[in-house]
Number of protein chains: 2
Amino acid sequence: MPPKPTDAELEILTVLWGRGPSTVREVHEIIARRKAAQYTTILKLMQIMAVKGLVRRDESARAHVYQASRPREWTERQVARDLLEKVFGGSARNLVLGALSARKTSRKELAEIRKLLDEYEKEAQ
Amino acid sequence: MPPKPTDAELEILTVLWGRGPSTVREVHEIIARRKAAQYTTILKLMQIMAVKGLVRRDESARAHVYQASRPREWTERQVARDLLEKVFGGSARNLVLGALSARKTSRKELAEIRKLLDEYEKEAQ
DNA sequence: CTTGACATACGAATCACTTCGTAGTAATGT
DNA sequence: ACATTACTACGAAGTGATTCGTATGTCAAG
């Protein structure tokens, strides 16, 4: 069970989730667009992430290929669970309130959330 | 604008939100019930939190009295905003999905969440 | 006034995260 | 063959969070 990713690790995971398996150079190029970062910094982070089990790497090619070891949804669930405990006292209602009040939420998104609730109601009958 | 609290700080804030203004000893006693922690560790953390502006302290009595400088809801909103960005790609829908799939959610809680949505729909007309 | 209980202040160790430079090695072009 | 380029590995520094021991001060009881 990989540990909760740190902020820097999350940036890298986001790239891997978006692109699929990637080399360090590819990840670095994308991150460097938004933010100053040396190549070896990204490299080191990804090496550590491999040790932690957050990513897997394929060493068969000279440039190792990394991929997230858990899908985005899985990690999101972990993070949400952690938050629920540590910040929201276990109240999903309060977490949703936090999410909604964090910023303007469009009607369209509210409708999507409603649809989610429908599914969960059905499931819980 | 106080910074985002760390995990250890959040534990202390949770106690302060629950009890209202409290001395270090009171906070320590509650935390020590669940977890080994020396008195001076809690003291130091709370001193640092005061410097950061996460708590205010009243030094008029010999045992200083601390209170959270922001209400729980405010902090919850901050944390939700941060996570929304860093983990959920700005999608409130995905954050809610994460919360619901993190654990069993009761029918009662689902109903409460629905009520929240109603209020937000009205507001957004 | 001295002792004991209880408080704060503070220095220091430890740990994790982040950053980057340097070294070494394999591949590629001239 | 040699120089250049593209990798990985690794050590180490800087920062911030966390932990705790020790020093010191205050107060009340005897």
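Below, chains carry the letters A, B, ... as their sequence lines are ordered, and counting in each starts from 1.
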**Report entry** Close residues, residues 18-32 of chain A, relative to DNA chain C [heavy-atom separation under 4.0 Å]
**Finding:**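 Within residues 18-32 of chain A, no residue comes under 4.0 Å of DNA chain C.
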Report task. Assign a letter to each nucleotide of nucleotides 20-30 of chain C from its 5' end: B, base within under 4.0 Å of a protein heavy atom; S, sugar-phosphate only; -, no contact. Result -> BBB---BS---
Take the protein atom [atom1] of [X] and the nucleotide atom [atom2] of [N], then report the distance between them rounded to whole Å.
| X | N | atom1 | atom2 | result |
| --- | --- | --- | --- | --- |
| A:I48 | C:dC15 | CD1 | P | 16 Å |
| B:I42 | C:dA7 | CD1 | P | 14 Å |
| A:I12 | C:dT18 | CD1 | P | 9 Å |
| B:L43 | C:dA7 | CG | P | 10 Å |
| A:D7 | C:dA16 | CG | P | 17 Å |
| A:K52 | C:dC15 | NZ | C1' | 12 Å |

Query raised in the report: To the nearest 10 degrees, how far apart in direction are the end axes of the helix from C:dC1-D:dG30 to C:dT30-D:dA1, each fit to five base pairs?
Result: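 End-to-end axis angle for the helix from C:dC1-D:dG30 to C:dT30-D:dA1: 20°, rounded to 10°.
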Report task. Look at the side-chain N and O atoms of B:Y39 and state whether any lies under 4.0 Å from the OP1 or OP2 oxygen of C:dT8. Result ->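 For B:Y39, the contact criterion (side-chain N or O under 4.0 Å from OP1 or OP2 of C:dT8) is met.
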Query raised in the report: Should B:Q47 be listed as having a side-chain N or O under 4.0 Å from OP1 or OP2 of C:dC10?
Result: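 Checking B:Q47 against C:dC10: no side-chain N or O falls below 4.0 Å of OP1 or OP2.
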Query raised in the report: When rounded to the nearest 0.5 angstrom, what is the spacing between CG in A:L84 and CZ in A:R81?
Result: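 Between atom CG of A:L84 and atom CZ of A:R81 there are 9.5 Å.
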Query - A:T6 side, atom OG1; A:M49 side, atom CE - distance, nearest 0.5 Å - result: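 Rounded to the nearest 0.5 Å, the OG1-CE separation comes to 7.5 Å.
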Query raised in the report: A:T75: what forms a side-chain hydrogen bond (donor to acceptor under 3.5 Å, both in side chains) with it, not counting sequence neighbours?
Result: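 Per chain and number, A:T75 pairs via side-chain hydrogen bond (donor to acceptor under 3.5 Å, both in side chains) with no residue.
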**Report entry** Residues which pass side-chain hydrogen bond (donor to acceptor under 3.5 Å, both in side chains) with A:R56, listed by chain and number, not counting sequence neighbours
**Finding:**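 Not a single residue meets the side-chain hydrogen bond (donor to acceptor under 3.5 Å, both in side chains) criterion with A:R56.
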Query - Pairing residues for B:H28 by the ring-ring contact (aromatic ring centres under 6.0 Å, His included) criterion, not counting sequence neighbours - result: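 B:H28: ring-ring contact (aromatic ring centres under 6.0 Å, His included) contacts with B:Y39.
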Under the rule for salt bridge (charged side-chain N to carboxylate O under 4.0 Å, His left out), what residues qualify as partners of [X], not counting sequence neighbours?
| X | value |
| --- | --- |
| B:K4 | B:D82 |
| A:E9 | A:K52 |
| B:R72 | B:E76 |

Query - Minimum side-chain heavy-atom gap B:I48-B:K44 below 4.5 Å - result: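 Sidechains of B:K44 and B:I48: in contact.
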Query raised in the report: Do B:R70 and B:Q78 come within less than 4.5 Å of each other through their side chains, counting heavy atoms only?
Result: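 They are not in contact (no side-chain heavy atoms under 4.5 Å apart), so the answer is no.
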Requested in this report: Hey, could you give me each pair passing ring-ring contact (aromatic ring centres under 6.0 Å, His included) that has a residue in residues 58-90 of chain B? Not counting sequence neighbours.
Outcome: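 Found none.
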Query raised in the report: Should side-chain heavy atoms under 4.5 Å link Ile, Leu, Val, Met, Phe, Trp and Tyr, which residues sit in the same cluster as A:V51?
Result: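 Grouped by the 4.5 Å side-chain rule, A:V51 forms a cluster of one, so the answer is none.
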Report task. Only one of A:L110, A:I113, A:L97 passes side-chain contact (heavy atoms from CB on, under 4.5 Å) with B:L116; say which it is. Result ->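 Result for side-chain contact (heavy atoms from CB on, under 4.5 Å) with B:L116: A:L97.
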Query - Nucleotide range of DNA chain D lying under 4.0 Å from chain B heavy atoms - result: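 So the contact region on DNA chain D extends D:dA17 to D:dC27.
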